[in-house]
Amino acid sequence: MALKLFDSLTREIRELKPSHPDGVLRFYNCGPTVYAPAHIGNFRTFVINDVLRRLLELEFPGKVKHVRNLTDVDDRTIGQSKKEGHPLGEITKKWTDLFHADCDALNCLRPHVEPTATGHIREQVDMIEVLMQKGNAYRAADGSVYFKINSFPDYGALSRIKERELKVTNSAFDADHKDDVGDFALWKAYKPEEDGDVHWPGPQGAAAGRPGWHIECSAMIKKHLGETIDLHTGGVDLLFPHHENEIAQSTCCNGTTFARHWYHSEHLLVDGTTMSKSKGNYYTLGDLVAKGYSPMAVRYALLAGHPRKQLNFTLDSLHAAESALKTLRSVYDEVCAKVTADSSEKTGSVGQMSVMALHDDLNTPGALGILFRDLKHIRDFPTPSEVRDFKRALFALGFDFSIPSSPSAVPTDVTSLAQKRWASKQSKDFATADALRKELAAAGWSMLDGKDGYKLEPLKK
RNA sequence: GGCGCGGUAGCCAAGUGGUAAGGCCGAGCUCUGCAAAAGCUCUAUGCGCCGGUUCAAUUCCGGCCCGCGCCUCCA
């Protein structure tokens, strides 16, 4: 079944397929700016893109090239570096490492290439020079270089900017050296008081400084994926101006189609509104893990809403995710114990149906629904083909149950309480056993009695 | 002001021109020293409101109400 996905440019659901003769699908996903821990809103986008990546792997095995950048030089990274008093590279490495750890915990496949902006200064300067030569960019009084949006007739096609009316009271834009309000920086001239020691030699005819934000993606895409890519993705907030600007730069520089398909995932809201530190609804993965939730449940919660709809994240939804995942995992364990999957039987099972929902514009909640709808059937009548497809659906959604759920470390005093209680129970001293159960609960643990032993589980906060 | 999205059971959330997937929570039952876990069963004559089109609308059209996002920091 064809893999269909909404295209933000044409605003219709279109089939996704490679266009290059080599059959490799070129996929670029705008990555994080590494100046702080990524929050779960960021991870919604990355998890959704991970499902997309997995689907592509299933659809075009071995023929997918996935690139996701790291923005490691911009106002925010430099600002953080100055604030902490550490070199830029040290700051960005710290947050890159955490980002990678979080991605791993969320079971996101690593992109094939993860280029950095600072690692591609030369490529960016080269593009800027071409744009200047072609008359699409100009040097401003201070030595910065701006892209001239009037030189690109299609400017605004993606975000329909021409249909918009910019807020008149907008004080945010920096018109200092621009010819036109809409022009954007390709290269920013060095300002010692703001930039510290962060600067590189500029393009021909421009001052030393650093690249503007948008050009990095254009340059890295050109280098790692070529002039025309098959799929470009990111969060909706990147639609304008970031992606609009990328299109302008790359198209003018290369003279050819930049991206054949655009996809944007919607925002995650928390408690019905956008996340922000001041509202106190700003969660990182670490925050949630500290509350006792598993990263896999976070992943589930992030996939529980349609990717192109805003999703309201709450602790309740995480709780629901945790419970649902538990059921999924137990069926997985049961079924794996009963059946060894092989591919000799015909398909058409539940797992297959679930993956098909994913093929239909990445309907993750639909896929989850189908999976649960017939979960009992898989559990009770697991045939090799059913099990194989079930596993395939779990792979596509990125739920890896082959890894045991991260057992929380049981404190030794809890262990000894549990051992005592088990002994009391075996000797039918139920009064003592009950008292010990209360003690365990006070320590935050629940003891689950089995036939031949017990399990300890932390109580949810 | 402009652009866009959404309003489906207590909560979350798919979906379709022919009469509502699924998850969570809750309830009942089975099991059980207790507590859980697990299993079984149940839970929207209804899809924001009002009109229209149609044999038939939650699904299409129009109007209205409410909520949210974006408009050059932003996944």
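Reminder, nothing fancy here: chain letters follow the sequence lines and each chain counts from 1. Predicted model only: the values in this text are computed from it and were never measured.
Distances shorter than 4.0 Å separate none of the side-chain N or O atoms of A/N49 from OP1 or OP2 on B/rA75. For B/rA13, neither phosphate oxygen OP1 nor OP2 lies less than 4.0 angstrom from any side-chain nitrogen or oxygen of A/R373. A close approach under 4.0 Å does not occur between any side-chain nitrogen or oxygen of A/K309 and OP1 or OP2 of B/rG4. At B/rG69, one or more side-chain N or O atoms of A/T273 fall inside 4.0 Å of OP1 or OP2 (strictly under the cut-off). Checking the phosphate oxygens (OP1, OP2) of B/rC40, a side-chain nitrogen or oxygen of A/R379 falls inside 4.0 Å. Side-chain nitrogen and oxygen atoms of A/T274 include none within less than 4.0 Å of the OP1 or OP2 phosphate oxygen of B/rC68. The shortest distance between the side-chain N/O atoms of A/S317 and the OP1/OP2 oxygens of B/rC12 is not below 4.0 Å.
Across all strands shown, A/F430 has heavy atoms under 4.0 Å from base atoms, whether or not it also approaches the sugar-phosphate. Within the nucleic acid shown, A/G41 comes within 4.0 Å of at least one base atom, counting heavy atoms only. Residue A/K425 is in base contact, counting any heavy-atom pair closer than 4.0 Å across all strands shown.
Within 3.5 Å, a donor on the side chain of A/R437 pairs with an acceptor on the base of B/rA35, or the reverse. If you check distances only, the side chain of A/D434 does reach the base of B/rG33 with a donor-acceptor pair under 3.5 Å. Below the 3.5 angstrom threshold, one finds no donor paired with an acceptor across the side chain of A/D237 and the base of B/rC73.
A stacked arrangement is not assigned to A/F372 and the six-membered base ring of B/rG22, the conditions of a centre distance below 5.5 Å and an interplanar angle below 30° not being jointly met.
Few gaps surround OH on A/Y454; more than 12 heavy atoms of other groups in view lie less than 6.0 Å from it.
Side-chain atoms of A/R53 and A/H112 form a donor-acceptor pair, as typed in the model, at a separation below 3.5 Å. A donor-acceptor pair shorter than 3.5 Å cannot be found between the side chains of A/Y282 and A/D287.
Taking 4.0 Å as the cut-off between side-chain N and carboxylate O, A/D104 and A/R110 count as a salt-bridged pair.
Closest contact between the side chain of A/L238 and the listed nucleotides B/rC24, B/rA75, B/rG4 involves B/rA75.
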